[in-house]
Every structure is written in C-alpha cells, then in structure tokens.
Protein chains: 2
Amino acid sequence: MAPPHDEVADSRDRAWGLRVGTEADGTEARQPVMADVARLAGVSHQTVSRVLNGAPHVRPGTRARVLAAIRELDYRPNSAARALVTRRSQTLGVVSFDSTLYGPASTLDGIERAARTAGYFVSVAGLRSLDSRSVQEAVDRLRDQGVEGVAVIAPQISAVGALAKLSSAVPVVAVGAGSRSRLPMVSFDNRAGAEVATRHLLDLGHRTVHHLAGPVGWTEGRDRQDGWRQALEAGGARVSRIGGGDWSARSGYEAGRRIAHDPEVTAVFCANDHMALGLLRALREAGRAVPGEISVVGFDDIPEAAYFTPPLTTVRQDFGELGRRALELLLEEIEGVDRPRHPVRISPETVLRRSTGPARRT
Amino acid sequence: MAPPHDEVADSRDRAWGLRVGTEADGTEARQPVMADVARLAGVSHQTVSRVLNGAPHVRPGTRARVLAAIRELDYRPNSAARALVTRRSQTLGVVSFDSTLYGPASTLDGIERAARTAGYFVSVAGLRSLDSRSVQEAVDRLRDQGVEGVAVIAPQISAVGALAKLSSAVPVVAVGAGSRSRLPMVSFDNRAGAEVATRHLLDLGHRTVHHLAGPVGWTEGRDRQDGWRQALEAGGARVSRIGGGDWSARSGYEAGRRIAHDPEVTAVFCANDHMALGLLRALREAGRAVPGEISVVGFDDIPEAAYFTPPLTTVRQDFGELGRRALELLLEEIEGVDRPRHPVRISPETVLRRSTGPARRT
DNA sequence: CGGGCGTATGTTAGCGCTAACATGCGCCGC
DNA sequence: GCGGCGCATGTTAGCGCTAACATACGCCCG
C-alpha cells in the first residue's frame with residue numbers, strides 16, 4: 001500500500017505507481033485534496049466545499065475558477081471524509097437470498113436504478129442460508145459498513161422475525177416479505193394473484209384446481225397457497241395440493257411425474273413459472289396434453305414464459321416496480337417521514353396464454 | 001415506529017430517536033465511539049483500537065475487558081473514520097449491464113460471495129446503456145464512493161475501450177469481456193465452447209450448422225460466432241448464419257419463424273439458451289420436429305434448459321466460478337501482485353440432451 | 001456620513017479513527 | 001545494582017472534509 005518513495009520500487013510500489021503516478025519532476029503525485037483545489041483557484045478550501053455542495057453566496061466568477069481548478073486536477077471529493085463529518089454515507093444496503101433467481105435479481109435491479117436516481121449507492125449482501133441468524137449477520141455487515149438503510153429481499157418467514165429485531169438499529173424495509181410483518185414492507189399481493197389464477201381455472205370448468213406449492217417457510221409460497229385455497233373454497237371446490245417444490249424446474253418436474261397419471265388432476269396452479277416448466281415437461285413425457293387434458297398456470301411471468309411449450313398462462317409481477325417502491329419506502333424511512341404504515345401492496349395481473357383451456361367434459 | 005422522547009418532537013427527531021435511543025436519565029445516547037469503550041474498559045482508545053485490529057502486545061486481561069466493554073455498549077467501529085485514515089474502504093465495485101439476466105446475476109452472486117469471504121463489501125452500479133460513456137460513468141460513480149477496485153461485467157465490445165482508459169485510476173478487471181482486451185480479464189472460452197458444440201452437430205451428420213448469433217457488439221456473441229465458423233471451416237462445411245438476436249427468447253422466436261420452413265436448415269447453434277427456447281417454440285409452431293428434422297443447441301446451460309421441450313443440448317458455463325476467479329484477479333490487482341497477465345479462461349463443458357440428433361438421410 | 005445589514009469569503013474546530021512516537025515498568029545480564 | 005531492552009500502554013497528530021463562527025467589504029438608509 002505504500003505510496004512510492006524514491007528508492008527502488010518493489011512490485012507493490014509499482015502497482016501503486018500505476019495508479020497514483022509520479023510527476024516528471026520527481027515529486028510524488030498524491031490524489032488531490034480540497035486544499036489543492038483551493039490553492040490553485042486562489043480561494044480557501046471552504047469555498048471549494050461551498051461550490052461542491054451548491055451553497056449560496058459564492059460569486060459566479062469564484063465558482064467558475066473553482067470548477068476550473070477541479071477539472072484541471074481531476075479532483076474528486078473523498079467520500080470517507082465527507083461521510084465522517086456529515087454522518088451520511090449515501091449508501092443503502094440490500095440483502096438478498098438468492099440473487100440468481102429472476103425475481104430477486106430483478107428486484108435488486110429495480111432498487112439499484114431507483115437508488116442511483118436518488119443519489120445513493122447500493123451495497124449488496126447475500127445470505128448464506130435462510131435462518132434468521134444469517135439475516136442478522138447480513139444486516140450487521142451492511143450496518144458496519146455504514147449504510148443508511150437496508151432493504152431485505154428475503155421472502156422467508158423465518159427472516160421476518162429476524163427483521164423485527166433489527167429495525168431499531170437502522171431503517172429496514174422488507175421486500176416481498178409476506179403479510180405478517182410489522183415492518184415497513186412492500187410486496188405483491190400474492191394472495192390476490194393466486195385467487196385470480198385459480199378462479200380462472202375454475203371458470204374454465206375444472207372441478208378443482210391442484211396446487212404445486214412453493215417451499216415451506218416462504219411467505220410468498222404461503223400467500224399464494226392461501227389465495228388458491230380461498231378461491232377454491234369460495235367456488236365450493238375440493239382443496240387438494242399436489243405437494244410442494246423448491247421453486248426449481250426440477251422440483252416441478254418431479255411433482256409432475258407424481259401426478260401425471262392421476263385422472264383427478266385436470267388443472268394445476270403452480271407457485272412459480274419455473275416449477276410450471278418442469279411440470280409441463282413431465283406431463284409431456286407422460287403423454288398428457290396441455291391444455292387438452294391438463295391446464296397449467298404459473299406465477300411470475302418470467303420473460304421466457306411466453307415461449308414455453310405451450311406458452312404459459314401466468315400471473316405477472318413487475319419486479320422493477322417492486323424494487324422502486326421499496327426504495328421509495330426506505331427513503332421515507334430514512335428521512336423520518338412519519339406516515340400511516342400500511343404495507344405497500346402491488347397487484348399482480350394475470351396473463352392468459354395457451355397452457356390453460358376448458359375442462360374436458362367427461 | 002419511533003419511541004418519542006419526552007418533549008414534543010417533530011417527525012425528524014422521532015425518527016432519529018428510534019435509532020439513536022434516549023437514556024432513562026434524559027441524556028441522549030449517541031452511537032458509542034471508541035472513546036466510550038475505552039472509558040468503560042479503563043484503557044486508552046488506542047488500546048481499544050489495538051484489540052479491534054488484533055495488534056500484538058495487549059495483555060489478555062486487558063483484551064478481555066475491552067471486548068466486554070465493546071459488547072456491553074454494542075460498539076461498532078465507524079467505517080468512514082477508519083477508511084479516512086487507512087485509505088482503504090474495504091469495498092469493491094461491480095458494474096453490470098443487465099443483472100436481470102441469468103449470466104450476469106450469477107456472476108455477481110459469485111463475486112459477492114468471494115468478496116465477503118475476503119472481507120470486502122461490494123457495491124453495485126448498473127449500466128444505463130451499452131455505450132462506453134455509460135461504463136465510464138458507472139466506474140466513476142464507484143470510484144467516487146472510494147471502492148478499491150472494480151469488476152466490470154460488461155461483455156460489450158464498446159465497453160472494452162472504455163475500460164482501457166479507466167485502468168489508471170483504480171484497479172479494474174473485465175469479466176467475460178472477450179479476448180481483445182489488454183486489461184486483466186477473466187472469461188469463458190466462448191470460442192472453444194462454440195467449436196465443440198458445432199462439431200457435435202457436424203459429427204451427427206449435419207451437412208452444415210446454422211448460427212443464431214448474439215447481438216452485434218457483444219464480445220461473447222462474437223467469440224461464439226468465431227468458434228462456430230472455425231468448426232465449420234475445419235469440417236469443410238458451408239458457413240451460414242441465420243441472423244442475430246438480442247439474447248431474448250423473443251428474438252429467438254422471430255429468427256425461428258424466418259427459418260422454420262427452410263429445408264436447408266437441419267441444425268442450429270444458438271448463441272444462448274433463451275434464444276434457443278424461442279427458436280424451439282417457433283419450430284414447434286411450424287410443425288418442425290426437434291431433433292427429428294432440426295437439431296438445436298444452446299449456450300449457457302441455464303437451470304431451466306433441461307426442462308425445455310425437448311431438453312436442450314447446450315454448453316455449460318459456471319458463472320459462480322467466473323465470479324470467483326474475477327474477484328481473485330481483482331484482489332491480486334489491488335494488492336499489486338505482479339504476475340504474467342494472460343487472461344484467465346474458463347473452459348465450458350457441453351451438456352448433451354435431447355434437442356440434438358442425427359441428420360436425416362435424404 | 002456612520003451604523004447596520006447582507007453578501008462573500010476565510011478561519012477554526014472537530015467527525016472517529018489509526019500511525020507514530022512517547023512513556024513506564026519489569027526483568028535480564030553483567 | 002543498574003543500563004538496557006522488550007512489552008504494555010498512553011499521547012499526539014493528523015486523514016479530508018463540513019459546520020459554525022469570524023471577518024471584510026460594500027451599500028442602503030436615516
């Protein structure tokens with residue numbers, strides 16, 4: 001790390017040399033600081049600070065000289081110094097469980113975009129596992145880094161408890177964390193989405209709709225299941241799950257093999273699109289026609305869903321919007337806006353494609 | 001939220017009150033600082049610092065007292081202050097183009113995991129668009145935040161030029177940026193992967209292999225196309241593209257419709273799995289059997305590929321590994337390790353599934 | 001024509017930490 | 001028995017910035 005001295009440089013020094021540079025006259029070129037800019041512009045460092053922060057009462061001519069000096073030196077304010085004195089890091093944290101999945105990844109993306117617009121940086125912390133200690137650990141990491149707020153994309157029920165404890169340290173919002181949380185929260189109305197999807201199948205004449213549920217412990221999975229059950233009960237249909245998966249296509253495939261030859265099953269509501277994909281595959285291998293013999297609907301509307309075989313009827317969620325709303329809420333939280341704390345719910349919209357059709361009259 | 005203090009508080013104070021807390025005796029509880037810990041432990045703040053940083057020459061008893069005080073106060077070091085004096089932020093930046101896509105998202109995930117293990121935070125910056133100004137801007141943002149190094153997941157050719165200019169400011173590694181860059185870089189051997197995939201089709205007896213290319217300007221697309229062409233030329237086959245897509249299933253679908261009725265086409269190598277999915281769909285709608293009439297291979301091996309109809313033969317890339325290697329390289333860069341700079345290449349592996357089969361003897 | 005006020009700037013004092021040096025103390029060797 | 005050395009700790013001086021106060025200079029008004 002040593003800034004290069006004049007003597008022979010070891011490889012360490014050389015690496016630095018590349019970045020810090022050495023002037024032709026042999027003087028060492030440090031990263032310029034505010035005082036350097038001030039000297040060049042013939043003003044005090046405070047005036048430079050004023051220019052940088054858009055403070056009033058700076059004569060236009062002075063401002064121009066300062067800006068010129070900044071450009072000439074390619075000066076950039078030291079964010080650590082600024083954060084130290086202002087106590088604001090301009091950084092937000094996002095903790096996410098598996099940012100490899102489409103939903104979390106898109107949400108993160110939405111948050112990042114919105115944060116940038118609002119002038120914040122975003123720092124991410126992945127979760128090692130789903131337990132609450134892990135959430136605690138991730139939030140702590142972020143906190144140690146000095147983030148001003150944290151958005152937790154952690155749709156596990158177990159995470160919700162962990163979050164409650166954290167709220168006193170730094171503002172936290174839960175993203176897509178289901179309904180039982182007291183925390184500021186934004187999520188999709190999974191229950192409503194599931195209800196609509198299920199009713200759609202019922203309306204097509206299916207006697208009942210089976211449900212391929214998400215993993216136990218995920219709030220989204222639970223809410224979708226609740227919505228499904230509710231639609232069934234409202235329609236007077238028999239309630240029958242066909243087990244739960246882990247969101248993956250593989251688990252959908254396995255479930256599909258289990259039910260492929262069950263004549264009772266004429267319509268399946270899957271808790272997400274990936275599982276629906278696996279299910280479709282299993283059904284095809286078993287020679288069951290979709291939607292001829294069995295109708296299938298998914299949840300999420302991933303970009304690929306329209307290209308499945310057959311194209312998947314599903315429930316669309318706008319993850320980008322979710323991220324944006326989460327950020328908005330977090331910012332309010334940080335700025336201490338005190339407003340009625342009912343959770344933000346975003347309504348999903350169902351997308352009809354070719355994987356659903358009328359029940360066959362037997 | 002906000003536990004109010006006794007006096008009338010505006011919403012701002014209340015919000016703060018929540019986080020900072022108020023003691024029973026009415027004194028306001030600031031976030032504890034090192035001096036508070038020192039006082040409680042009966043030592044100087046420097047000794048606290050020594051304990052925190054694992055410096056030698058601290059008596060075990062003293063260390064224990066300090067640790068106890070830290071725990072009691074729930075003290076956490078101020079990272080801005082530390083960064084200011086050490087000039088190390090312990091933060092790395094990642095710029096990514098579309099972290100919604102499977103590849104970039106997984107790479108980011110791999111980088112984050114590895115960074116955490118190495119004791120670094122990671123800050124992300126999304127790109128607004130693909131031009132080099134945008135890359136510049138993203139890296140600058142990160143730099144302003146004080147990151148110690150940046151990994152750029154930007155597989156656009158245009159980005160490579162922008163990167164070269166940046167290298168003098170802060171260590172940068174290019175992730176998956178193709179072969180023409182002089183920067184430290186890690187990527188898959190796209191060319192080799194494409195060659196193997198193409199040869200596989202040729203070996204099945206196809207007279208030639210058509211290529212559904214990636215978008216112009218993406219190094220990965222170009223390298224895959226190069227590999228495909230090379231395999232064709234080596235095999236004495238005619239070289240014929242069927243146009244380029246934008247990585248999306250939609251674009252694959254459109255390409256598929258264009259070629260579905262072309263009897264010349266018996267094998268297609270798609271530049272990624274999503275386009276392959278769209279292509280499969282178009283083929284199915286046109287009534288062309290896969291692999292009976294046309295064989296299809298993809299690239300990436302996204303988790304869903306095995307559940308396509310039919311399951312897709314493709315080229316697997318381990319994005320997690322890619323991220324890990326990128327981080328490793330970046331760390332070396334930061335620490336000034338001077339070592340031969342040949343780019344790190346990771347060999348992909350082809351995965352045979354059911355979308356490819358022997359050419360029909362005509 | 002002088003007191004006061006508003007504008008434009010400079011000066012000073014930290015933010016919370018680490019690095020460098022200073023101090024004090026016990027223990028060893030001769 | 002005392003100089004010296006190494007361990008354990010304390011003291012001091014910044015890191016680069018902003019906030020708060022201090023100063024200087026017009027200009028208006030009575």
Side-chain angles (χ1 to χ4, degrees), chain A residues 1-3 5 16 20 28-67 69-70 73-91 143-146 148, chain B residues 16 20 28-67 69-70 73-91 143-146 148:
Chain A
M1 288 317 88
H5 18 222
W16 257 99
V20 172
E28 180 190 299
R30 319 165 336 282
Q31 208 59 236
V33 300
M34 202 173 262
D36 300 322
V37 175
R39 204 171 311 120
L40 183 58
V43 297
S44 76
H45 66 122
Q46 182 59 246
T47 297
V48 177
S49 171
R50 279 191 266 256
V51 169
L52 248 21
N53 296 296
H57 309 317
V58 177
R59 214 170 328 189
T62 310
R63 178 184 309 275
R65 273 187 357 258
V66 169
L67 289 174
I70 287 174
L73 299 177
D74 188 30
Y75 165 74
R76 359 198 100 216
N78 179 314
S79 63
R82 177 177 283 177
L84 180 57
V85 60
T86 60
R87 287 137 189 292
R88 308 213 52 182
S89 63
Q90 298 289 63
T91 301
R143 225 180 115 186
D144 288 347
Q145 196 193 359
E148 295 182 36
Chain B
W16 260 98
V20 173
E28 186 189 293
R30 320 166 333 283
Q31 207 61 235
V33 299
M34 202 172 261
D36 299 322
V37 175
R39 204 171 310 117
L40 183 58
V43 298
S44 75
H45 66 123
Q46 183 59 246
T47 297
V48 177
S49 171
R50 278 191 267 257
V51 169
L52 249 21
N53 296 293
H57 311 317
V58 177
R59 216 170 329 194
T62 310
R63 176 184 310 274
R65 273 187 356 258
V66 169
L67 290 174
I70 288 174
L73 299 177
D74 189 29
Y75 164 74
R76 357 199 100 217
N78 179 312
S79 63
R82 178 178 281 177
L84 180 57
V85 59
T86 61
R87 289 135 190 291
R88 307 213 51 183
S89 63
Q90 299 288 59
T91 301
R143 195 148 82 92
D144 288 346
Q145 196 193 0
E148 295 182 36

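Throughout, a chain's letter reflects where its sequence line sits, starting with A, and its residues are numbered from 1. Note: hydrogens, waters and symmetry copies are ignored here, and every other heavy atom, side chains too, is used.
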Notebook entry, point to check: Of the nucleotides dG16(D), dG10(D), dG10(C), which has the atom closest to the V43(B) side chain?
Noted result: dG10(D)

Next item on the list: Using a 4.0 Å heavy-atom cut-off across all strands, classify S44(A) as base, sugar-phosphate, or nothing.
Entry: base

Next item on the list: Enumerate the residue pairs fulfilling salt bridge (charged side-chain N to carboxylate O under 4.0 Å, His left out) with a member in residues 38-48 of chain B, sequence neighbours excluded, ordered by first and then second residue.
Entry: D36(B)-R39(B)

Next item on the list: Could you pull out the closest heavy-atom pair between E148(A) and Q90(A), with the gap in Å?
Entry: OE2-N, 2.6 Å

Check: Taking atom P of dC17(C) as reference, at what distance in whole Å does atom CD1 of I70(B) sit?
Finding: 10 Å

Next item on the list: Starting from C1' on dG16(C), measure out to CZ on R82(A) and report it in whole angstrom.
Entry: 18 Å

Notebook entry, point to check: Is there a donor-acceptor contact under 3.5 Å from the side chain of T62(A) to the main chain of V58(A)?
Noted result: no

Notebook entry, point to check: What are the two closest heavy atoms between S79(B) and G146(A), and how far apart are they?
Noted result: OG-N, 4.0 Å

Which side-chain N or O atoms in residues 50-57 of chain B pair as donor and acceptor under 3.5 Å with protein atoms at least two apart or in another chain?
| unit_1 | atom_1 | unit_2 | atom_2 | d |
| --- | --- | --- | --- | --- |
| N53(B) | ND2 | S49(B) | O | 2.8 |
| N53(B) | ND2 | S49(B) | OG | 3.3 |

Check: Just how far, in rounded Å, is P of dG16(C) from CZ of R76(B)?
Finding: 16 Å

Check: By a strict heavy-atom criterion of less than 4.0 Å, which residues belonging to residues 45-58 of chain A are in contact with DNA chain C?
Finding: H45(A), Q46(A), T47(A), R50(A), H57(A), V58(A)

Margin query: Without decimals, in angstroms, what is the distance between R63(A) CZ and dT7(C) P?
Written below: 14 Å

